[in-house]
Structures are given as structure tokens and as C-alpha cells.
Amino acid sequence: MPEGHTIHRLAKDQTRLLVGRTVRVTSPQGRFADGAARIDGTVLESVEAYGKHLFHWWGTGEIGHVHLGLFGKFRVERSDAVPPPAGEVRMRMVTGGGSEPFTTVDLSGPTACSIDPPEVRAAIIARLGPDPLRRDAKPAVAIERMARSRQPIGALLLDQSVIAGVGNVFRAEALFVNRIDPRRAGRACPEPDLEALWRTIVAMLRKGVREDRIATVDPSELALPRGRVRRGEATYVYHRDVCRRCGSAIRTVALAGRPCWFCPTCQPR
DNA sequence: AACTCATGCGAAT
DNA sequence: TTCGCCTGAGTTT
């Protein structure tokens with residue numbers, strides 16, 4: 001479930017669970033054994049999210065970099081004994097024990113998991129656009145990029161060097177809410193529309209962090225179950241056959257190599 | 001048991 | 001534009 005909201009939620013949760021503590025770091029699967037050994041038993045100073053990247057600042061001065069890709073997941077377990085790893089666990093972080101239960105944080109399936117000098121983090125951030133979930137985000141940077149580009153807006157939204165953190169679901173949903181055809185060139189979008197699009201993305205991502213899921217549909221339009229939602233159940237167009245607003249057949253168009261769902265009626269050319 | 005699919009992204013073509 | 005990689009859940013044989 002990794003778009004930017006997932007990463008920011010992980011940063012918050014892992015800050016609460018692990019920061020300020022001495023952490024045992026291992027790689028049950030083995031593929032991260034060298035990295036784990038470098039920081040094992042040191043203190044986690046902070047956890048930072050930037051777009052879809054997660055950074056662990058370790059007491060050694062080195063920085064852990066995690067990118068979940070499409071399949072990556074974290075699992076957290078609190079228990080009196082450290083559980084045996086379930087499935088492929090690339091990185092395991094454990095605190096607690098003694099008088100309190102163990103907290104085990106397992107990472108599986110990431111695209112990236114490494115321990116690097118600070119310059120690597122700086123280089124990664126340098127090639128990212130503003131992250132709508134960060135206080136230091138400068139919306140104008142993203143809006144200007146889009147307003148000058150002849151690329152389709154649907155491609156621009158997935159370009160992490162334009163906006164960091166938007167993925168395939170939020171792209172489709174934010175464009176729908178703003179009634180913008182994903183194929184329209186960025187520079188063919190009036191700037192007030194691009195500003196509104198940014199605000200929509202901020203609101204959607206924040207809600208995603210709060211609820212730890214993607215549920216973009218306005219609650220007034222749908223009573224949503226509190227738990228996990230099925231695909232297409234809490235979206236306007238993403239993975240839907242029929243438009244929730246007007247009943248038109250939803251279409252997809254490939255943009256930036258991935259299908260972008262849209263309503264041809266609500267998002268006219 | 002086999003197969004399909006997924007909210008990502010960089011390298012190869 | 002396509003391919004390959006990373007893993008697990010859900011669906012189909």
C-alpha cells in the first residue's frame with residue numbers, strides 16, 4: 001500500500017516505537033546482513049519520511065534508506081518472546097525485553113534497504129520534488145514545473161521529481177476531484193487549477209496518513225466501513241468500472257507507463 | 001498447486 | 001516502451 005501517506009505513517013509509528021532506543025538490527029533472510037551488522041545495537045535517533053522514501057538516522061551517523069517499491073511491507077509485533085520470522089524478512093528491528101515486551105518491526109520485499117553515509121540521503125532528496133506532507137514543502141516549485149510542461153498532467157503527477165509521494169491511486173483520484181482530464185498537458189491547465197490540485201493532494205495524503213489507508217471518497221457521498229476497504233470501494237475512479245458521480249463507464253489511459261483511471265464525462269478534454 | 005495481481009521504479013531496448 | 005526485481009494475498013485450476 002505504499003504511496004507517500006504510507007511512508008509518513010510508518011515514520012510516525014516507528015518514531016513512537018523505536019526512536020531513542022537501542023535497537024537490535026538483523027537480517028533473518030540474509031540479504032541485508034552486512035548493513036544490519038553496521039548499526040546493530042546502536043540508538044535510533046529519528047525516522048524521516050520524504051515522498052516514498054523512509055530514512056532511519058542511526059547513532060553511528062549513518063542513515064538507513066528504505067524504499068518499499070510495489071511489494072514492500074512492515075509488520076509490527078509486540079510479544080513476550082521475539083517471534084520467528086514469518087516469510088522473507090529483509091530487516092528486523094527489535095527493542096524491549098527484560099521487564100517490558102519485545103517490539104519487533106519486520107521489513108519484507110523492499111526495493112531498497114541500505115545503510116549509507118548522509119550524502120546518499122541528500123542526493124536522493126535532491127532529485128525529489130516537494131513532498132505535500134512535509135512542512136518544508138514549497139508548492140510553487142511543483143506548480144511551476146507542471147505549468148511549464150508539455151507532458152500530460154497524469155504523467156507529471158507520477159514523476160517524483162515534480163511531486164514526491166503521489167502514486168497511481170492518488171493521481172487518479174486527485175484529477176477526478178478537480179475534473180481534469182489526465183491527458184491534458186500541464187501547461188494547458190490554468191494555474192488556479194494546479195493550485196487546487198496541490199491542495200487536494202495535500203488533503204488526500206493527510207487523510208491517508210490519519211486513516212492509514214486510501215479512502216478518497218467524501219464521507220457525505222458514502223458511508224465507509226471503518227476497517228480495510230476493498231479495491232475500488234472507497235475511490236471515485238481508481239479500479240472502478242462505473243463513475244460514482246455520473247454513472248459513465250470509467251476508462252483508463254496509460255500515462256507514465258501505468259493505467260490512469262478517469263471519467264470521460266466528469267473530466268472532459 | 002498454479003496462477004494473477006498489486007498503491008514502484010530504474011535499467012535495458 | 002518493455003523488462004526485471006522484490007513478496008504475499010487472493011483467485012483459479
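Lettering follows sequence order; numbering is per chain, from 1.
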J.: Considering all heavy atoms of both residues, which atom of A:Cys266 and which atom of A:Phe176 are nearest to each other, and what is their separation?
T.: CB-CE1, 3.8 Å
J.: Side-chain N or O of A:His53 less than 4.0 angstrom from OP1 or OP2 on B:dG8?
T.: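 A:His53 to B:dG8 OP1/OP2: no side-chain N or O under 4.0 Å.
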J.: B:dC5 and C:dT13: how far apart are their P atoms, nearest whole angstrom?
T.: 12 Å
J.: Give the ring-plane orientation class for A:Phe170 versus A:His5, where under 30° counts as parallel, over 60° as perpendicular and anything between as tilted.
T.: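 It falls in the perpendicular class, over 60°.
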J.: Round to the nearest Å and state the distance from A:Arg75 atom CZ to C:dA9 atom C1'.
T.: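 Going from A:Arg75 (CZ) to C:dA9 (C1'), I get 12 Å.
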J.: In terms of side-chain geometry, is the basic nitrogen of A:Asp13 or A:Arg16 positioned less than 4.0 Å from the acidic oxygen of its partner?
T.: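 Answer for the salt bridge query: yes.
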J.: Within less than 4.0 Å of OP1 or OP2 of B:dC9, is there a side-chain N or O belonging to A:Lys52?
T.: yes
J.: Quick one: A:Leu68 CG to C:dT7 P, roughly how many Å, whole number?
T.: 13 Å
J.: Could you list by number each residue of residues 106-139 of chain A showing a heavy-atom separation from DNA chain B of less than 4.0 Å, or answer none if no residue does?
T.: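 Output list: A:Thr111, A:Arg127.
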J.: Expressed in whole Å, how much space separates the P atoms belonging to C:dC6 and B:dA12?
T.: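 Rounded to whole Å, the distance is 15 Å.
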J.: Which residue, A:Gln29 or A:Gly257, contacts DNA chain C at a nucleotide closer to its 5' end, judged by nearest heavy atom?
T.: A:Gly257
J.: Quick one: which of B:dC9, B:dG8, C:dT7 gets closest to the side chain of A:Leu70?
T.: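 Taking heavy atoms from C-beta onward, the closest nucleotide is B:dG8.
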J.: Describe the nucleic acid contact of A:Arg31 in one word from base, sugar-phosphate, nothing, applying a heavy-atom distance below 4.0 Å.
T.: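 A:Arg31: backbone/sugar contact only, no base atoms under 4.0 Å.
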J.: OP1 or OP2 of B:dT7 sitting under 4.0 Å from any side-chain N/O of A:Arg258?
T.: yes
J.: Quickly work out the A:Leu158 CG to B:dT7 P distance and round it to whole Å.
T.: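 Checked: the CG to P distance equals 10 Å.
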J.: If you compare every side-chain N and O of A:Arg90 against the phosphate oxygens of C:dT7 (OP1, OP2), does one of them come in below 4.0 Å?
T.: yes
J.: Which whole number of Å gives the distance between the C1' atom of C:dG8 and that of B:dG10?
T.: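 My reading of the C1' atoms in C:dG8 and B:dG10 gives 23 Å.
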J.: Considering all heavy atoms of both residues, which atom of A:Phe262 and which atom of A:Pro264 are nearest to each other, and what is their separation?
T.: O-CD, 3.6 Å
J.: How about A:Arg24: does its CZ atom have over 12 heavy atoms from other parts shown lying under 6.0 Å from it?
T.: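 No, not enclosed.
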J.: If we only count heavy atoms from C-beta on, is the A:Tyr238 to A:Ile214 side-chain gap below 4.5 Å?
T.: no
J.: To the nearest angstrom, how far is A:Leu157 atom CG from B:dG8 atom C1'?
T.: 16 Å
J.: CG of A:Leu255 versus C1' of B:dG8: gap in Å, rounded?
T.: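 Nearest whole value for this atom pair: 16 Å.
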J.: Under 4.0 Å between a Lys/Arg side-chain N and an Asp/Glu carboxylate O for A:Arg38 and A:Asp34?
T.: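 No, A:Arg38 and A:Asp34 are not salt-bridged.
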J.: Could you give the CZ-to-P distance, from A:Phe71 to B:dC9, as a whole number of Å?
T.: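 Result: 13 Å.
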J.: Between A:His67 and B:dC9, is there a contact of a side-chain N or O with OP1 or OP2 at under 4.0 Å?
T.: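 Yes.
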J.: Rounded to the nearest Å, what distance is computed from the CD atom of residue A:Glu88 to the C1' atom of nucleotide C:dC5?
T.: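 Rounding to the nearest Å, CD of A:Glu88 and C1' of C:dC5 are 14 Å apart.
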J.: For a quick test of reading the model, state the closest non-hydrogen atom pair linking A:Ser27 to A:Ala33 and the distance between them.
T.: CB-N, 3.5 Å
J.: Answer yes when A:Glu48 and A:Lys12 have at least one side-chain N-carboxylate O distance shorter than 4.0 Å, and no when they do not.
T.: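 Salt bridge: no.
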J.: Rounded to whole Å, how long is the line connecting atom CZ of A:Arg9 with atom C1' of B:dT7?
T.: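 One finds 16 Å between C1' of B:dT7 and CZ of A:Arg9, rounded.
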J.: Using atom types as modelled, flag every donor-acceptor pair under 3.5 Å from a side chain in residues 75-84 of chain A to any protein atom, sequence neighbours excluded.
T.:
from: A:Arg78; atom 1: NE; to: A:Thr103; atom 2: OG1; distance (Å): 3.3
from: A:Ser79; atom 1: OG; to: A:Ala81; atom 2: O; distance (Å): 2.8

J.: Can you list, by residue number, the residues of residues 166-179 of chain A that have a non-hydrogen atom closer than 4.0 angstrom to DNA chain B?
T.: A:Gly167, A:Asn168, A:Val169
